[in-house]
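Convention: sequence-line order gives letters A, B, ...; per-chain numbering from 1.
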2 protein chains.
Amino acid sequence: MDTTQRTEQQRSADRRRRELLEAADRVVLRDGPQASMNAIAAEAGITKPILYRHFGDKSGLYAALATRHTDALLDSLRAALDAPADRRERVEATLDTYLAAIEARPQVYRFLMHPAEGSQSDPGSDQGFDVGKHTAPLLRRMGEELAQVIEDRLDLGPESQQLARVWGHGIVGMMHAAGDWWLYERPCSRADLVRILADLLWGRLAAAGDKVGGPGF
Amino acid sequence: MDTTQRTEQQRSADRRRRELLEAADRVVLRDGPQASMNAIAAEAGITKPILYRHFGDKSGLYAALATRHTDALLDSLRAALDAPADRRERVEATLDTYLAAIEARPQVYRFLMHPAEGSQSDPGSDQGFDVGKHTAPLLRRMGEELAQVIEDRLDLGPESQQLARVWGHGIVGMMHAAGDWWLYERPCSRADLVRILADLLWGRLAAAGDKVGGPGF
DNA sequence: CATCTGTGTTACTTGCGGTAACACTAATGT
DNA sequence: ACATTAGTGTTACCGCAAGTAACACAGATG
C-alpha cells in the first residue's frame with residue numbers, strides 16, 4: 001500500500017486533469033469569472049460530467065484554478081519581499097510586483113478577486129456558512145503571509161503577534177483596494193501609485209499639516 | 001408638465017416600492033446575498049413579475065437595497081469624521097464606527113460587500129463590462145468620500161489631489177480587509193483593532209526596529 | 001364613460017449546476 | 001487468457017432561479 005506509487009492510470013488522470021485546468025483557464029481568461037461549466041467542457045472538447053468527476057463541483061474547479069494563480073503570485077511577492085534591500089525598497093518592490101501582476105492579466109485578477117458566487121451552492125443541504133466564507137482566499141493568504149513576515153522581521157514589542165496580523169491584513173487590503181481602483185481609473189502611473197502608497201505607510205498622513213484658510217473654510 | 005407634482009397613483013407606487021424593499025431587506029437579512037427573487041416575492045406576499053416591474057431586474061433590486069444601507073453607513077461615517085477632535089481621534093472614531101456597523105449586522109455587510117454576482121447578467125447583450133465593474137460600490141464611495149475629506153483638510157503640497165485619492169481608497173481598503181478578517185476570526189477586541197490600525201497609519205511600521213538575532217535568524 | 005396607470009396572476013422559456021445510467025478502453029492481477 | 005478495475009466519455013434528465021408574455025382587475029383621471 002505505497003501511496004506514493006502512482007499507477008499508469010493515475011498519472012494519466014493527473015495529466016488529463018491538468019489539461020482540463022488549462023482549458024478552464026483559457027475560458028476564464030476569455031469570459032471572466034462567470035464562465036459556465038458547459039463552456040469549459042466545450043473548450044476542453046468534452047462534456048460536463050467529466051469535469052464534475054475531476055473537480056466535484058464548480059467550486060472545486062474554481063478552487064483548483066485559483067490555487068494555481070494564487071501560488072504563482074505569492075511566489076513572486078515573496079521574492080520581492082525577500083530581496084536584499086532596505087525596508088522601504090522592499091515594500092515598494094512588493095507593491096509594484098502585485099500591481100504589475102494585476103495590470104498584466106486583469107481577467108485573471110477579476111477571477112481571483114470577484115469569484116461570482118462560488119461555494120455554498122446547494123440550498124437543499126444543511127451547510128450553515130459563516131460570514132466571511134466568501135472572501136477571496138487570495139486576500140487572506142496574502143494577509144497571513146505578510147503578517148508572518150512582519151512578525152519575523154520586525155521588533156514590535158509584546159503585542160507583536162497581534163500587531164503583525166492586523167497590519168498584514170490591513171496592508172494587503174490597502175494594496176488591493178488601491179490597486180482595484182487604480183486598474184479601473186488609471187489616474188496615474190504605477191510608479192506614482194507605489195510611491196504614494198509607501199508614503200502613506202511611512203506615516204505621511206500623520207505628519208501632514210492641517211490646511212488653514214482653504215477656499216471657503 | 002410639472003415633474004414634481006406626483007399623482008395619487010405615483011405616490012401609491014412609491015409607497016409600494018418601499019414596502020417591497022423592506023420585504024427584500026428582511027429576506028436578505030435572513031438568507032444572505034443569495035436570496036432569490038421568488039423568496040423575496042413570497043416574503044412580500046406577491047409574485048415575481050411585480051418585483052421586476054418595480055426594479056427591472058435583480059441587479060436593480062440589489063442596487064436599490066444597497067443604496068439604502070450604503071447611504072446610512074456613509075452618514076454615520078461622515079458624522080464620526082466631522083466630530084470636533086484631533087485627527088487621530090477622528091480617525092479612530094471613524095474606524096470604530098465602521099467596525100461597529102459590520103459587527104452589528106454582518107448579514108447586511110455580507111450583502112453589501114459580496115453581492116454574489118450582480119450586474120452584467122445578460123450574456124446575449126452587447127455590454128462589454130470593464131474590469132472593476134463588479135467591485136462593491138460601497139468601497140468606491142467610501143474611498144472617494146474619504147479622499148475628498150483628506151484633500152479638503154490636509155495640506156499635502158502640489159500633488160495633493162492624487163495623493164488624497166490614492167490614500168482615500170487605500171485607507172478604506174485597509175479598513176475593509178482588516179474588518180473582514182477580524183469579523184471572521186475575532187482575534188481581539190474592537191478597540192484593540194482600532195488602535196492597532198491607527199498605529200499603522202501613524203507610521204509605526206516605518207518606525208519599528210529590525211529584529212536581530214531572532215530564533216534561527 | 002373611456003382611458004390610463006398601477007397591481008396582480010398563471011404559465012412559460014431559457015440557461016445553468018448537477019446527476020443518473022450506460023458504453024467503451026486500457027492497465028492490472030491471478 | 002480472462003476477469004477486474006479505473007479511467008474516459010456519452011445522452012438524457014432533474015431542479016431551480018432569472019426573466020418574460022399574456023391576461024384580468026381596480027381606481028384615479030380626463
Can you give the donor-acceptor pairs under 3.5 Å from side chains of residues 167-178 of chain B to other protein atoms, not counting sequence neighbours?
| residue | atom | partner | partner atom | Å |
| --- | --- | --- | --- | --- |
| B:Trp167 | NE1 | A:Ile196 | O | 3.0 |
| B:His169 | NE2 | A:Trp181 | NE1 | 3.2 |
| B:His169 | NE2 | B:Glu144 | OE2 | 2.9 |

Send over the distance from [X] [atom1] to [N] [atom2], rounded to a whole Å.
{"X": "B:Glu19", "N": "C:dT7", "atom1": "CD", "atom2": "C1'", "answer": "12 Å"}
{"X": "A:Gln34", "N": "C:dG15", "atom1": "CD", "atom2": "C1'", "answer": "14 Å"}
{"X": "A:Leu61", "N": "C:dC16", "atom1": "CG", "atom2": "C1'", "answer": "15 Å"}
{"X": "B:Arg11", "N": "C:dG6", "atom1": "CZ", "atom2": "P", "answer": "13 Å"}
{"X": "A:Tyr52", "N": "C:dA21", "atom1": "OH", "atom2": "C1'", "answer": "18 Å"}
{"X": "B:Lys58", "N": "D:dC16", "atom1": "NZ", "atom2": "C1'", "answer": "11 Å"}
{"X": "A:Met37", "N": "D:dC14", "atom1": "CE", "atom2": "P", "answer": "21 Å"}

Checklist entry - By side chain to side chain contact (heavy atoms under 4.5 Å, CB included), which residues pair with A:Ala24, not counting sequence neighbours? => result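 With sequence neighbours excluded, A:Ala24 shows a side chain to side chain contact (heavy atoms under 4.5 Å, CB included) to A:Ile40, A:Leu61, A:Leu65, given in chain and number order.
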Next on the checklist: Going by side chain to side chain contact (heavy atoms under 4.5 Å, CB included), name the residues that satisfy it together with B:Asp192, two or more places apart in sequence or in a different chain.
Outcome noted: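 With neighbours one apart ignored, the set is A:Gln162, B:Cys188, B:Ser189, B:Arg195.
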Write down the protein N/O and nucleotide N/O pairs, taken from nucleotides 6-10 of chain D, whose separation is under 3.5 Å; answer none if there are no such pairs.
| residue | atom | partner | partner atom | Å |
| --- | --- | --- | --- | --- |
| D:dA6 | O4' | A:Gln9 | OE1 | 2.8 |
| D:dT8 | OP1 | A:His54 | NE2 | 3.3 |
| D:dT8 | OP2 | A:His54 | NE2 | 3.4 |
| D:dT8 | O4 | A:Arg53 | NH2 | 3.3 |
| D:dG9 | OP2 | A:Arg16 | NE | 2.8 |
| D:dG9 | OP2 | A:Arg16 | NH2 | 3.1 |
| D:dG9 | N7 | A:Arg53 | NH2 | 2.4 |
| D:dG9 | O6 | A:Arg53 | NH2 | 3.1 |
| D:dT10 | OP2 | A:Thr47 | N | 2.8 |
| D:dT10 | OP2 | A:Thr47 | OG1 | 2.4 |

Checklist entry - Who are the salt bridge (charged side-chain N to carboxylate O under 4.0 Å, His left out) partners of B:Arg186, not counting sequence neighbours? => result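 For B:Arg186, the residues satisfying salt bridge (charged side-chain N to carboxylate O under 4.0 Å, His left out) (neighbours in sequence not counted) are B:Glu103.
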Next on the checklist: Going by salt bridge (charged side-chain N to carboxylate O under 4.0 Å, His left out), name the residues that satisfy it together with B:Glu43, two or more places apart in sequence or in a different chain.
Outcome noted: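 B:Glu43 satisfies salt bridge (charged side-chain N to carboxylate O under 4.0 Å, His left out) with B:Arg26, B:Arg30 only.
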Checklist entry - Is A:Asp25 close to A:His69 at the side-chain level, that is, under 4.5 Å between some pair of heavy atoms? => result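 They are in side-chain contact.
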